[in-house]
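Here the structure is a predicted model, which is why all the values come from computation and not from measurement. When reading the values below, keep in mind they use all heavy atoms of this one structure, side chains included, and skip hydrogens, waters and symmetry mates. Naming convention: chains lettered A, B, ... in sequence-line order (proteins, then strands); numbering from 1 in each chain.
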Amino acid sequence: MEEQYNPQALEQAAQAHWRDNNSFAVQRDDAREKFYCLAMFPYPSGKLHMGHVRNYTIADVIARYQRMQGRNVLQPMGWDAFGLPAENAAIANNVPPAQWTAQNIQYMREQLQQLGFAYDWSREIATCDPDYYRWEQWFFTRLFERGLAYKKKAEVNWCEHDQTVLANEQVIDGCCWRCDNPVERREIDQWFFKITDYAEQLLDDLDSLEQWPEQVRTMQRNWIGRSEGVNLSFELNGEPLQVYTTRPDTLMGATYLALAPQHPVALAAARDNAELAAFIDAQSKLEVKEEAMATMEKLGMDTGLTATHPLSGEQVPVWVANFVLMSYGSGAVMSVPAHDERDFAFARKYDLPIVQVIARRGEGHDYDPTTWQDWYADKQDVVTTNSGEFDGLDFQGAFDAIADRLESLGKGSRAVNYRLRDWGVSRQRYWGAPIPIINCDDCGAVPVPEQDLPVVLPTEVEFEGVGSPLKQMPSFYETTCPRCGGAATRETDTFDTFMESSWYYARYACAHNDSAMLDDEANYWAPVDQYVGGIEHAILHLLYARFYHKLLRDEGLLNSDEPFTRLLTQGMVLKDGAKMSKSKGNTVDPQALIDRYGADTVRLFSMFAAPPEQSLEWSDSGVEGANRFLRRLWKLAAAHIAGGNAPALDRAALDRAQRDVRRKIHETIAKVGDDYGRRQTFNTAIAAVMELCNELGKLDDSAQGRAVLDEGLRAVVLMLGPIVPHTCHALWPALGGAGDVLDAPWPAVDESALARDSIEMVVQVNGKVRARMDVASDADKDSVQQLALEQDNVQRFLEDVTVRKVIVVPGKLVNIVAN
RNA sequence: GCGAGUGUGGUGGAAUUGGUAUACACAAGAGACUUAAAAUCUCUCGGCUUCACGGCCAUGCGGGUUCAAGUCCCGCCACUCGCACCA
């Protein structure tokens with residue numbers, strides 16, 4: 001064995017060995033438990049960044065640890081290859097997106113291989129490959145037949161100057177990122193998936209995801225936003241005008257109605273009201289983002305119309321308000337300014353009547369119609385008032401009484417509403433999977449028949465700079481209708497890239513099946529046992545993938561309910577306290593570090609610097625420290641090996657110091673196993689191994705000292721195998737280990753080594769530590785208490801006071817309460 | 001605005017179920033080796049105080065519960081992330 005730690009040579013040798021032995025290719029094996037470990041696949045942006053390194057190292061450590069636990073481990077890798085950056089790069093460098101993407105994939109694949117990740121590369125997929133997206137197109141046509149995919153008008157960000165649709169990120173301060181002209185809202189026909197049909201399931205099944213971070217489940221719960229309320233109708237010109245409210249108990253306080261600017265009644269009223277038309281038009285130019293909606297000034301205009309209150313029969317004015325969303329409920333709300341903060345602000349601004357219908361007893365609960373107080377909107381400890389026959393009821397009582405009355409009058413019904421909206425899957429972009437639809441003047445939207453799939457995205461394209469090239473390519477869009485045979489046009493929109501990432505995890509199981517989207521192998525491997533990815537995907541990607549999994553299940557392609565059993569959301573990688581970005585100039589290129597220190601040092605530091613869920617502060621000197629540790633470990637092992645074969649361990653012959661080190665070895669094995677498996681805190685696992693190495697270095701050179709060191713070094717190599725696999729691959733046979741370290745079983749804890757004859761206990765007086773003492777591990781409480789009271793420094797603090805109580809926590813501490 | 005999270009030495013972090021605050025590492029300082037430097041090794045390292053033993057203070061801020069609080073509860077402050085066409 002080499003005396004010097006030489007990462008370049010040993011990493012290349014290990015990687016060649018794994019490649020030559022197909023070490024990470026896996027097949028179905030019913031004799032062993034399967035374990036599917038997956039990290040979110042990368043967008044092939046050009047080269048790996050530190051976030052990738054961290055993400056993939058975490059997953060790799062888990063995969064390798066599970067393999068040492070004897071499981072049949074699948075860890076695949078692929079490419080989320082469609083998306084906007086390829087189009088931007090095409091414009092900037094005059095390279096077609098397909099070519100740019102392919103080059104990036106090639107380079108990044110090499111980088112991943114250099115990092116030694118245990119991937120089964122035979123299952124690699126790229127979502128821009130027609131062999132992949134054809135199944136997505138096929139599945140879309142199935143959903144279309146089942147009525148789960150449908151077309152409707154929806155708003156997009158539109159730049160009039162560039163004649164193009166913009167992504168939210170391309171809208172900067174309400175203006176186009178390229179030409180700086182104001183962005184408008186425009187309605188165009190788009191395809192949607194009825195995710196709202198699955199809202200209840202998506203919400204209920206969150207309870208079964210016990211191994212997901214509570215944070216992510218909460219975010220999804222809020223995103224789905226289930227609410228219980230009542231749909232009720234006011235009457236306007238003899239027609240019912242429906243509103244949705246979660247507060248029917250405040251119905252008697254409704255003093256006006258507010259419509260979304262796009263509401264049909266508002267648009268109708270604007271036809272002969274130029275001022276109103278101008279107002280609605282102005283609102284349509286504003287951003288539609290929720291954060292913008294929440295912070296912008298609340299503006300409105302009276303339509304001049306009035307509607308009849310369903311219970312009181314009174315006439316209330318109908319307004320148009322910019323904060324009412326057409327996409328939620330019915331696009332109209334009943335306004336109860338006394339008990340809703342937004343309505344209150346709006347009523348004060350436009351001098352609309354405020355009628356208090358909820359009261360609360362107690363100090364500071366007087367109703368003041370000039371100042372908003374938070375209790376106005378409370379549902380607890382309140383009673384109805386000014387509501388005629390509905391007076392004196394609590395929230396639920398009033399809710400039920402008023403809902404019952406509306407139902408009996410035929411003017412309303414209880415309803416559950418979701419904030420979740422249907423998933424718009426159309427994108428007016430080039431670099432995506434074509435939507436397999438043919439638009440025929442006679443037959444409407446007709447799905448492309450199965451035998452004509454895939455609809456292949458042309459890759460030889462010219463980028464003019466604006467808009468999708470597909471829309472300028474008659475050779476792509478001119479076709480005939482599959483139903484009537486007449487001339488027709490192909491859909492030129494492509495799918496949202498969340499489509500591809502919603503089912504890729506299942507496709508890895510049968511990556512090369514060209515006769516079906518998924519097969520039995522998918523049911524063998526699914527669900528993913530461990531999924532690892534960034535917290536920024538907590539809502540959208542994970543919700544869409546959960547939805548897709550249920551769609552695939554209902555299509556008969558999968559037999560489980562959820563795609564990801566356990567989820568680990570890793571934090572960001574920071575430099576100088578800020579997210580790494582080119583504009584800040586604080587990026588760290590992993591490649592330079594791999595070249596300088598080797599992959600194992602980079603992996604070790606990434607895992608040591610912070611627990612995986614927290615953000616990680618990058619530190620160049622920390623990387624050096626990680627490298628120093630590996631060199632020290634190498635030296636310790638090399639010196640030990642150079643001393644020849646270690647004698648057999650004789651447990652009875654160990655002196656006290658050797659017994660202590662041996663206890664530490666087995667305590668560390670237990671702790672590291674727990675840290676890898678249950679806690680997933682790899683930083684503390686590494687710290688524990690470092691502590692152990694510090695102890696091993698102090699062992700004497702006697703026969704039994706060398707025997708304990710031998711046992712300790714083998715344990716260290718096994719424990720670090722998942723984190724620094726190349727180094728351990730080289731050390732393992734040098735220490736006499738059989739086979740590859742990656743297939744070695746996880747070391748067993750020798751319970752007998754854990755026994756102690758005495759324990760150090762702390763003695764507190766009134767909660768402050770005053771002494772430490774060694775106590776026999778089998779000492780009873782009374783003798784521990786006795787010994788504690790006898791400590792000199794304890795005695796000092798017990799002068800002139802009376803002992804009231806003594807608390808003994810076995811094995812830990814004694815607290816003497818005295819005053 | 002709404003939702004979620006974080007806050008501990010000079011720095012990254014540890015303390016897992018309420019029970020020894022600051023493990024492990026980085027940086028810094030001192031020493032050894034060396035002609036010298038690098039590398040390596042040894043020691044010191046929260047603040048104040050004490051010749052020393054020891055003592056007092058300290059986990060963003062202010063309260064509370066408890067024999068005992070970094071950990072639980074209430075109220076603040078600061079920062080970070082997400083918000084539907086970036087992935």
Side-chain angles (χ1 to χ4, degrees), chain A residues 40-43 45 80 82-85 88 156-157 165-171 190 213-216 218-219 221-223 225 288-296 327 341-342 419-421 423-429 496-498 501 534-541 543-544 571-572 574 577-579 605 608-611 613-626 628-629 631-632 635 671 674-675 678-679 681 683-684 686-691 694 760-770 772 792-793 796 804-807 809 811-818:
Chain A
M40 291 178 185
F41 64 170
Y43 178 78
S45 52
D80 191 11
F82 278 136
L84 200 50
N88 296 334
V156 291
N157 300 307
V165 173
L166 300 174
N168 274 345
E169 70 152 13
Q170 296 175 320
V171 180
Q190 304 198 60
E214 192 52 52
Q215 187 200 150
V216 174
T218 304
M219 283 165 88
R221 237 174 242 123
N222 293 336
W223 189 253
V288 68
K289 279 179 159 183
E290 237 177 73
E291 56 198 303
M293 296 293 286
T295 46
M296 73 188 174
S327 50
E341 194 165 359
R342 286 167 308 180
R419 205 182 73 99
L420 180 70
R421 307 202 288 265
W423 175 14
V425 296
S426 296
R427 296 291 181 270
Q428 296 70 42
R429 303 256 151 234
D496 178 5
T497 57
F498 278 124
S501 57
I535 183 73
E536 66 274 18
H537 296 289
I539 299 175
L540 293 181
H541 162 60
L543 189 67
Y544 291 146
M572 287 188 312
L574 310 177
K579 194 173 180 171
F605 177 73
F608 179 60
E613 311 224 89
Q614 235 166 275
S615 60
L616 181 154
E617 176 67 32
W618 196 262
S619 150
D620 292 336
S621 53
V623 177
E624 268 181 63
R628 204 174 310 158
F629 170 74
R631 288 203 308 263
R632 249 196 325 256
K635 230 171 80 180
K671 179 182 170 50
D674 189 44
D675 282 355
R678 179 182 62 89
R679 297 215 302 155
T681 52
N683 56 327
T684 54
I686 295 166
V689 174
M690 284 175 167
E691 268 186 75
N694 292 342
E760 189 187 64
M761 285 182 74
V762 154
V763 187
Q764 300 179 330
V765 178
N766 290 329
K768 293 196 176 189
V769 179
R770 298 301 178 192
R772 286 157 210 276
D792 287 349
N793 204 41
R796 277 180 52 197
R804 301 287 173 195
K805 198 162 144 190
V806 179
I807 289 142
V809 182
K812 293 234 162 97
L813 59 76
V814 180
N815 190 12
I816 299 159
V817 185

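B/rC43 and B/rA4 have their C1' atoms separated by 46 Å, with the value rounded to a whole Å. Rounded to the nearest Å, the gap between the C1' atom of B/rC61 and that of B/rC67 is 27 Å. Here, B/rA78 and B/rC45 have their P atoms 37 Å apart, quoted to the whole Å. Nucleotides B/rC26 and B/rA14 are separated by 15 Å at their C1' atoms, to the nearest Å. The P atoms of B/rA37 and B/rA32 are separated by 11 Å, rounded to the nearest whole Å. B/rU16 and B/rA30 are spaced 37 Å apart, taking the P atom of each and rounding to whole Å. For the C1' atoms, the distance from B/rA21 to B/rA15 is 7 Å, rounded to whole Å. Taking the P atoms as reference points, B/rA58 lies 16 Å from B/rG47, given to the whole Å.
When both pairing distances are held under 3.5 Å, B/rC45 makes no Watson-Crick or G-U pair with any nucleotide shown. Nucleotide B/rU6 has B/rA78 as its partner under the Watson-Crick or G-U criteria, with both atom distances under 3.5 Å.
Within the 4.0 angstrom heavy-atom criterion, no nucleotide atom of any strand lies near A/Pro42. Using a 4.0 Å heavy-atom distance criterion, A/Arg221 is classed as making no nucleic acid contact. Looking at heavy-atom distances under 4.0 Å, A/Val806 makes no contact with the nucleic acid at all. Nucleic acid contact class of A/Ser426 (heavy atoms, under 4.0 Å, all strands): base. The residue A/Lys768 sits close only to the backbone: its heavy atoms come under 4.0 Å of sugar-phosphate atoms, none of a base. Within the nucleic acid shown, A/Glu613 has no heavy atom closer than 4.0 Å to any nucleic acid atom.
Nearest nucleotide to the A/Arg796 side chain, out of B/rG54, B/rU40, B/rG13: B/rG54. Minimum atom distance to the side chain of A/Trp223 is reached by B/rA84, of the listed B/rA84, B/rA87, B/rC56. Counting only heavy atoms from C-beta on, A/Arg631 has its side chain closest to B/rU40 among B/rC86, B/rG54, B/rU40.
No donor-acceptor distance shorter than 3.5 angstrom exists from the side chain of A/Arg632 to the backbone of A/Asn694, with no hydrogens or angles considered. With hydrogens and angles ignored, the 3.5 Å screen pairs a side-chain donor or acceptor of A/Asn766 with a backbone N or O of A/Ala818. A donor-acceptor distance shorter than 3.5 angstrom exists from the side chain of A/Asn815 to the backbone of A/Gly767, with no hydrogens or angles considered. In this structure a side-chain-to-backbone donor-acceptor pair under 3.5 Å is missing from A/Asp80 to A/Phe41.
Atom CG of A/Leu540 and atom C1' of B/rA84 are 6 Å apart (whole Å). One can place CG of A/Asn766 at 11 Å from P of B/rA69, the figure rounded to the nearest angstrom. As a whole-Å value, the separation of A/His541 NE2 from B/rC86 C1' is 15 Å. The distance from atom NZ of A/Lys635 to atom P of B/rA39 is 13 Å, rounded to the nearest whole Å.
Side-chain N/O atoms of A/Glu536 and base N/O atoms of B/rC86 include no donor-acceptor pair closer than 3.5 Å.
Here the side chains of A/Ile535 and A/Gln215 are in contact, with some heavy-atom distance below 4.5 Å.
Taking both residues in full, the closest heavy atoms of A/Met761 and A/Val809 are given as CE-O, 3.7 Å, listed atom of the first, atom of the second, then distance. The two residues A/Gly83 and A/Tyr43 have their closest heavy-atom pair at O-OH, 3.7 Å. Nearest approach of A/Gln190 to A/Val156, heavy atoms of both residues: NE2-CG1, 3.2 Å.
Around CZ of A/Arg631, the count of heavy atoms belonging to other residues, nucleotides or ligands within 6.0 Å exceeds 12.
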Problem - B/S/- contact track for nucleotides 19-29 of chain B, protein heavy atom under 4.0 Å - result: BBS-BBSSS--

Completion exercise
Protein heavy-atom contacts under 4.0 Å, written 5' to 3' over nucleotides 3-9 of chain B as B (base), S (sugar-phosphate only) or - (none), form the string SSS----

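Ring pair A/His541/A/Phe498 is parallel by interplanar angle, where below 30° counts as parallel and above 60° as perpendicular.
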